[in-house]
Amino acid sequence: MSQQFTEFLIDRTGNAPRNLSDSIRRVQNCSSGFKLSWRAGRRDEAYETSQEAFEHFDYIQNEFLRRRDANSSQPDWSTSLFKAALDAVVGNITYDITKTDQSWFASLPEGSGAFPASTSAVELSLVTALNKLKHRSTSIFNFSLTVNGVHFVYVYATAGM
């Protein structure tokens with residue numbers, strides 16, 4: 001999947017055309033639609049759905065990070081529910097990626113995303129995941145779908161995968 005997903009959800013006036021709840025719902029719908037399209041062999045439809053999901057991810061990540069930046073100077077920030085949500089574990093990350101690992105990952109067939117065996121993964125917080133999505137490679141990413149329907153996205157970023 002080497003298509004480019006770098007568009008941000010802003011209109012000509014710079015305003016977000018959707019609200020956060022709507023974009024979160026649309027990502028969930030995109031994930032379901034992507035899985036159905038991919039498993040049915042409708043690759044073009046899956047790519048279009050994936051692009052739509054990443055457009056919503058761009059909006060969501062920017063909105064969350066903006067809200068974090070706006071609230072992090074508040075006296076109750078360290079005990080806020082929003083900070084706790086941003087600190088929640090949402091996946092795994094590995095930092096010890098070599099050029100060989102990068103080449104291996106880039107050569108994986110679509111739908112076969114995985115961490116290189118030579119790396120060790122640690123827990124990934126939501127705030128770190130948002131930053132990695134923001135600084136993701138637009139050409140080196142992959143995914144995997146488990147038999148029970150779980151959809152994993154593997155993102156390569158310059159400071160961790």
Side-chain angles (χ1 to χ4, degrees), residues 1-70 82 85-86 88-95 97 99 101-116 119 121 123-161:
M1 293 180 52
S2 61
Q3 302 214 11
Q4 303 291 313
F5 305 110
T6 56
E7 298 299 319
F8 292 94
L9 287 182
I10 56 174
D11 65 16
R12 294 174 198 255
T13 62
N15 297 316
R18 297 175 186 89
N19 65 40
L20 187 57
S21 297
D22 181 51
S23 285
I24 291 169
R25 181 186 56 77
R26 288 178 185 230
V27 167
Q28 292 169 330
N29 291 343
C30 285
S31 178
S32 296
F34 177 85
K35 290 185 281 190
L36 288 171
S37 297
W38 186 263
R39 288 190 173 132
R42 298 187 309 264
R43 300 300 191 248
D44 289 343
E45 186 178 298
Y47 291 136
E48 288 176 26
T49 305
S50 180
Q51 183 169 0
E52 181 182 344
F54 273 99
E55 289 172 355
H56 288 285
F57 269 134
D58 284 338
Y59 172 69
I60 293 165
Q61 76 192 9
N62 287 329
E63 187 64 23
F64 278 16
L65 294 174
R66 258 193 300 278
R67 290 180 185 191
R68 177 208 55 193
D69 294 345
F82 185 54
L86 290 175
V89 174
V90 296
N92 293 302
I93 188 167
T94 184
Y95 291 101
I97 301 291
K99 285 288 186 192
D101 293 331
Q102 179 183 343
S103 295
W104 172 84
F105 180 77
S107 71
L108 292 175
E110 294 172 337
S112 301
F115 284 122
T119 65
E123 291 181 336
L124 172 69
S125 68
L126 176 58
V127 72
T128 301
L130 293 170
N131 278 304
K132 295 303 171 192
L133 280 171
K134 188 171 187 68
H135 300 288
R136 70 186 178 269
S137 167
T138 57
S139 61
I140 306 175
F141 60 94
N142 207 328
F143 67 94
S144 64
L145 302 174
T146 65
V147 292
N148 60 350
V150 178
H151 183 189
F152 291 98
V153 177
Y154 292 83
V155 177
Y156 182 83
T158 56
M161 175 183 169

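If you're wondering where the values come from, they're calculated on a predicted model, not measured in any experiment.
- Checked against side chain to side chain donor-acceptor pair (under 3.5 Å), S107 has no partners two or more places apart in sequence or in another chain.
- Looking at L126 and F64, their side chains come closer than 4.5 Å, going by heavy atoms from C-beta outward.
- Residues satisfying the side-chain contact (heavy atoms from CB on, under 4.5 Å) criterion with T119, sequence neighbours excluded, are T94, D96, I97, D101, F115, P116.
- Within the 4.5 Å cutoff, no side-chain heavy atoms of W38 are placed close to those of H151.
- Here the OH atom belonging to Y47 is positioned 12.0 Å from the OG atom belonging to S37, to the nearest 0.5 angstrom.
- Between F143 and Y154 the shortest heavy-atom distance is CA-CD1, 4.1 Å.
- Note: I140 CD1 to L108 CG = 11.0 Å, rounded to the nearest 0.5 Å.
- A distance of 5.0 Å separates CG in L145 from CZ in R39, rounded to the nearest 0.5 Å.
- Residues passing the salt bridge (charged side-chain N to carboxylate O under 4.0 Å, His left out) test with R67, sequence neighbours excluded: E63.
- Looking at S31, its side chain never comes within 3.5 Å of a backbone N or O of V27 through a donor-acceptor pair.
- Atom OG of S23 sits about 11.0 Å away from atom CD of Q28, to the nearest 0.5 Å.
- By the 4.5 Å heavy-atom criterion applied to side chains, L65 and V127 are counted as neighbours.
- With sequence neighbours left out, the salt bridge (charged side-chain N to carboxylate O under 4.0 Å, His left out) criterion links E45 to R42.
- Nearest approach of V155 to V153, heavy atoms of both residues: CG2-CG1, 3.8 Å.
- Taking CZ of F57 as the reference point, atom CD of E52 lies at 12.0 Å (rounded to 0.5 Å).
- We find the OG1-CG distance between T49 and D44 to be 10.5 Å, quoted to the nearest 0.5 Å.
- Minimum heavy-atom separation, Y156 to Q102: OH-OE1, 3.1 Å.
- With no hydrogens or angles considered, a side-chain donor-acceptor pair links N148 and T146 at under 3.5 Å.
- Of the possible donor and acceptor atoms, none in the side chain of N142 sits under 3.5 Å from a partner among the backbone N and O of A106.
- Here A129 pairs with V90, L124 under the side-chain contact (heavy atoms from CB on, under 4.5 Å) rule; sequence neighbours left out.
- With sequence neighbours excluded, the residues forming a salt bridge (charged side-chain N to carboxylate O under 4.0 Å, His left out) with R25 are D22, listed by chain and number.
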